[in-house]
Amino acid sequence: MIEADDFVVELLLSHGLVSDEQVEQAREKAAQERGAGSSASALDGLYIIKAIDEKEVVQVLASEYGMDTYDFDSAEKKVPQEVVDILPADVARRYRMMPVSITGGILKMATSDPADLESLDSIRFLLKMDVEGVVAPKRQIEQALNYYYGSGDSVEDFINEITETTGDLTVGSTTDVTTETSGTEQEDDAAPIIRLVSLLILEAFRTRASDIHLEPLEKRFRLRYRIDGVLNEIENPPKYLQNLIISRLKLMAGMDLSEHRIPQDGRIRFSAMGRELDLRVSDIPTTHGESIVMRILDKSGVMLGISELGFFPDDQDTINRIINFPDGIFLVTGPTGSGKTTSLYSFLHALNQPTRKIITAEDPVEYELSGINQVQINAEINLTFANALRAMLRQAPNIIMVGEIRDQETGEIAINAALTGHLVFSTLHTNDAPSAITRLIDMGVKPFLVASSVRAIMAQRLVRRLCKYCHEPHEVSELELDQLDVSRESLGDMTFMMGRGCGECNKGYRGRIGIYEIFILDETIQHLIYQQADASAIRRRALEMGMRSLRQDGLRKAAAGITTIQEVIRLTVGDES
């Protein structure tokens with residue numbers, strides 16, 4: 001491999017991308033690394049001193065060998081599962097190549113060494129199909145192999161390794177892997193824990209988990225991933241590793257390692273498959289130790305177009321009309337974890353143009369949006385939603401987003417902003433859309449202000465999406481009809497599906513999609529608000545006007561084979577439809 005790297009260095013010199021001085025400096029750096037037991041080459045030295053980056057090397061190699069390049073970091077470069085399945089994992093790892101696409105019967109393989117034609121020939125012979133190479137950075141290929149085929153290491157393997165390394169630890173040990181010592185023995189002891197924690201995060205990302213829960217119980221240390229909104233327990237680390245894992249995570253999150261009595265919050269930045277992940281970390285003391293929950297914030301996942309949120313065409317047209325109102329309030333409601341933030345960010349992303357000034361007040365700022373001014377709420381310095389909103393209005397914005405209306409003061413300022421020509425987005429925690437009206441009034445906001453400023457309200461839930469690989473027809477049972485409170489005749493010729501469960505999904509589901517209840521206020525609704533009608537009266541009128549309830553939208557998606565009857569029942573158990 002060193003010889004191949006030296007050939008690349010000669011290519012870089014011939015193309016004028018590096019100088020002789022930089023190469024000499026890189027060789028010295030590589031020699032230092034080799035002295036520490038590494039096999040670093042001059043090319044690795046060039047990376048270390050930042051004289052060149054991998055993508056520039058890829059361009060040079062592709063040009064030299066007449067190949068195309070491939071960038072796994074691009075958002076649209078998701079490798080289809082059917083392509084991954086063509087090549088066995090052990091073969092992909094042996095040749096350090098990753099299948100990326102198949103077109104016209106030709107399989108394209110990403111390689112970091114285009115001179116390795118022998119490996120391409122071997123894969124061609126094994127698969128008995130045409131194979132072409134494309135050049136990609138070695139780092140990206142290694143990450144892709146770990147992501148699509150698994151890391152090759154299991155939690156159990158790591159636990160066995162750690163047990164051998166730290167076999168003298170007891171259940172009550174408070175050994176801290178982050179403690180700095182003068183020797184290398186402590187670093188060697190910590191390395192397996194570091195790798196284990198990284199593996200837990202990487203595995204959570206690979207399985208599409210939204211949260212990682214580490215919970216100290218009396219006799220075990222429970223590890224669970226929330227996948228598609230449902231908690232799944234996985235291999236539990238042994239109890240005696242509890243303090244080591246927690247200490248490592250607290251260090252990564254920038255928390256106080258010596259504090260074990262009060263809750264703490266922090267953030268971890270983690271790179272997986274070329275993506276930068278933010279993990280929002282919460283630590284609280286419990287009876288049997290500190291419990292940690294990490295919320296995985298994938299920056300690439302929030303930039304959804306409105307069409308990707310799960311709206312049918314008629315609802316999407318309605319949403320596009322609402323978000324282009326010149327002023328007024330648009331509220332998004334639903335419980336925690338129902339996707340409200342993703343929806344609001346998608347709306348702002350659609351509206352984000354150089355001709356508009358957009359400001360948000362959030363607690364916390366979960367994702368950084370390019371071109372949008374975002375304010376982090378901080379109650380400790382009295383930067384509340386209300387105070388931030390007052391200051392934002394002095395910035396002459398066109399569009400404002402308030403993370404949540406929590407009290408009368410914030411509600412009244414948001415309404416005044418809407419009445420003075422601003423378009424305001426915000427959220428409330430209510431079960432359905434019409435209840436948001438009465439919630440604002442219960443906060444103390446005057447009914448006439450609510451009626452004159454609120455333009456539309458959208459309630460939403462996230463249902464699990466049916467796996468496309470293992471779905472099959474499902475006959476609706478009498479119990480399900482009873483839970484839906486509908487007759488079999490009312491379903492007409494609707495057909496429904498359910499998932500069997502396969503290697504590509506989680507118990508028949510893969511991913512989530514929204515179901516929505518969109519409520520646009522008209523004069524009759526405003527009249528009801530003036531009269532301080534209760535939520536049920538407003539809801540009845542909204543349904544008469546043609547508002548589609550959460551359950552009705554869910555049934556449409558179930559009939560379209562997007563989700564299942566069971567999911568609609570689970571998420572709309574309180575729906576009155």
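All values below come from the heavy atoms of this structure, side chains included, with hydrogens, waters and symmetry mates left out.
- Contact check for F425 versus V332: no side-chain heavy atoms found under the 4.5 Å cut-off.
- Residues Y516 and L309 meet the side-chain proximity criterion, which asks for heavy atoms closer than 4.5 Å.
- If you check the side chains of Q460 and S343, you find a donor sitting under 3.5 Å from an acceptor.
- Minimum heavy-atom separation, D68 to K108: OD2-NZ, 4.0 Å.
- Nearest heavy-atom pair across C470 and G508 is SG-CA, 4.2 Å.
- Using a cut-off of 4.0 Å between Lys/Arg side-chain N and Asp/Glu carboxylate O, D315 and R556 are scored as salt-bridged.
- Within a 6.0 Å radius of NZ in K557, more than 12 heavy atoms belonging to other residues, nucleotides or ligands are found.
- Atom-to-atom distance recorded for R248:CZ and S198:OG is 6.5 Å, nearest 0.5 angstrom.
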Between M498 and H471, does a side-chain contact (heavy atoms from CB on, under 4.5 Å) hold up when you go through it step by step? CA-CA 5 Å; M498 68 178 298; H471 63 271; over 6 Å; no

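- Inspection of the Y95 and T111 side chains reveals no N or O donor paired with an N or O acceptor under 3.5 Å.
- At a threshold of 4.0 Å, the pair R464-E567 counts as salt-bridged, since one of the basic side-chain nitrogens sits closer than that to a carboxylate oxygen.
- Atom CD1 of residue I227 and atom NZ of residue K507 lie 9.0 Å apart, to the nearest 0.5 angstrom.
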V281 and R267: CA distance, side-chain angles, deciding distance, side-chain contact (heavy atoms from CB on, under 4.5 Å) verdict: CA-CA 5 Å; V281 186; R267 296 189 88 130; 5.9 Å; no

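- Looking at K239 and Q242, their side chains come closer than 4.5 Å, going by heavy atoms from C-beta outward.
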Please tabulate, for the side chains in residues 122-135, all donor-acceptor contacts under 3.5 angstrom to protein atoms that are two or more places apart in sequence or on a different chain.
| unit_1 | atom_1 | unit_2 | atom_2 | d |
| --- | --- | --- | --- | --- |
| S122 | OG | E118 | O | 3.0 |
| R124 | NH1 | D121 | OD1 | 2.3 |
| R124 | NH2 | V131 | O | 2.7 |

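- In this structure, R195 CZ and L202 CG are separated by 13.5 Å, a value rounded to the nearest 0.5 Å.
- Two residues are said to be in side-chain contact when any heavy atoms from C-beta on lie closer than 4.5 Å; L223 and E233 fail this criterion.
- When every heavy atom of A558 is checked against every heavy atom of V568, the shortest pair comes out as CB-CG2, 4.2 Å.
- Aromatic pair Y345/F347: centroids not less than 6.0 angstrom apart.
- In this structure, E56 contributes its side chain and L17 its backbone to no donor-acceptor pair below 3.5 Å.
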For a side-chain contact (heavy atoms from CB on, under 4.5 Å) check, start with the C-alpha distance between F312 and D553, then their side-chain angles and the critical distance, and finish with the verdict. CA-CA 9 Å; F312 280 115; D553 191 45; 4.0 Å; yes

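- Within 6.0 Å of CZ on R96 lie no more than 12 heavy atoms contributed by other residues, nucleotides or ligands.
- Residues passing the side-chain contact (heavy atoms from CB on, under 4.5 Å) test with K55, sequence neighbours excluded: D53, D71, D73, P137, Q140.
- Residues V84 and V79 meet the side-chain proximity criterion, which asks for heavy atoms closer than 4.5 Å.
- I358 and N352 get closest at one heavy-atom pair: CD1-CA, 3.8 Å.
- The side-chain heavy atoms of V230 and Y225, taken from C-beta on, include no pair separated by under 4.5 Å.
- Under the 3.5 Å distance criterion, the side-chain polar atoms of R226 are left unmatched by any main-chain donor or acceptor of I212.
- How far CG of D283 is from CG of L249: 9.5 Å, rounded to the nearest 0.5 Å.
- Distance check, rounded to the nearest 0.5 Å: CD of Q376 to OG1 of T360 gives 9.5 Å.
- Here the side chains of P99 and I86 are not in contact, with every heavy-atom distance at 4.5 Å or above.
- Classification of R220 and E215 as a salt-bridged pair fails, no side-chain N sitting under 4.0 Å from a carboxylate O.
- At least one side-chain heavy atom of V100 sits less than 4.5 Å from a side-chain heavy atom of F72.
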List the steps, then state whether salt bridge (charged side-chain N to carboxylate O under 4.0 Å, His left out) holds for R510 with D228. CA-CA 7 Å; R510 184 178 177 87; D228 297 334; over 6 Å; no

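- Within the 3.5 Å criterion, the main-chain N or O of A209 finds no donor-acceptor partner in the side chain of D211.
- Side chain of S247 to main chain of L244: no donor-acceptor pair is present (N/O by atom type, distance under 3.5 Å, no hydrogens or angles).
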Can you check side-chain contact (heavy atoms from CB on, under 4.5 Å) on E64 and L11, steps first, answer last? CA-CA 9 Å; E64 182 72 17; L11 276 179; 3.4 Å; yes

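- With hydrogens and angles disregarded, no donor-acceptor distance shorter than 3.5 Å links the side chain of S63 to the backbone of Q59.
- L297 and R280 make their closest contact through CD1-CB, 4.4 Å (heavy atoms, listed as atom of the first residue, atom of the second, distance).
- At a cut-off of 3.5 Å, with distance as the only test, a side-chain donor of E362 or Q374 sits close to an acceptor on the other residue.
- With salt bridges taken as basic N to acidic carboxylate O contacts below 4.0 Å, one links R500 and E472.
- We find the CG-CG distance between L344 and L348 to be 6.5 Å, quoted to the nearest 0.5 Å.
- Annotation for I245 and F221: closest pair CD1-CE2, 3.9 Å, computed over non-hydrogen atoms.
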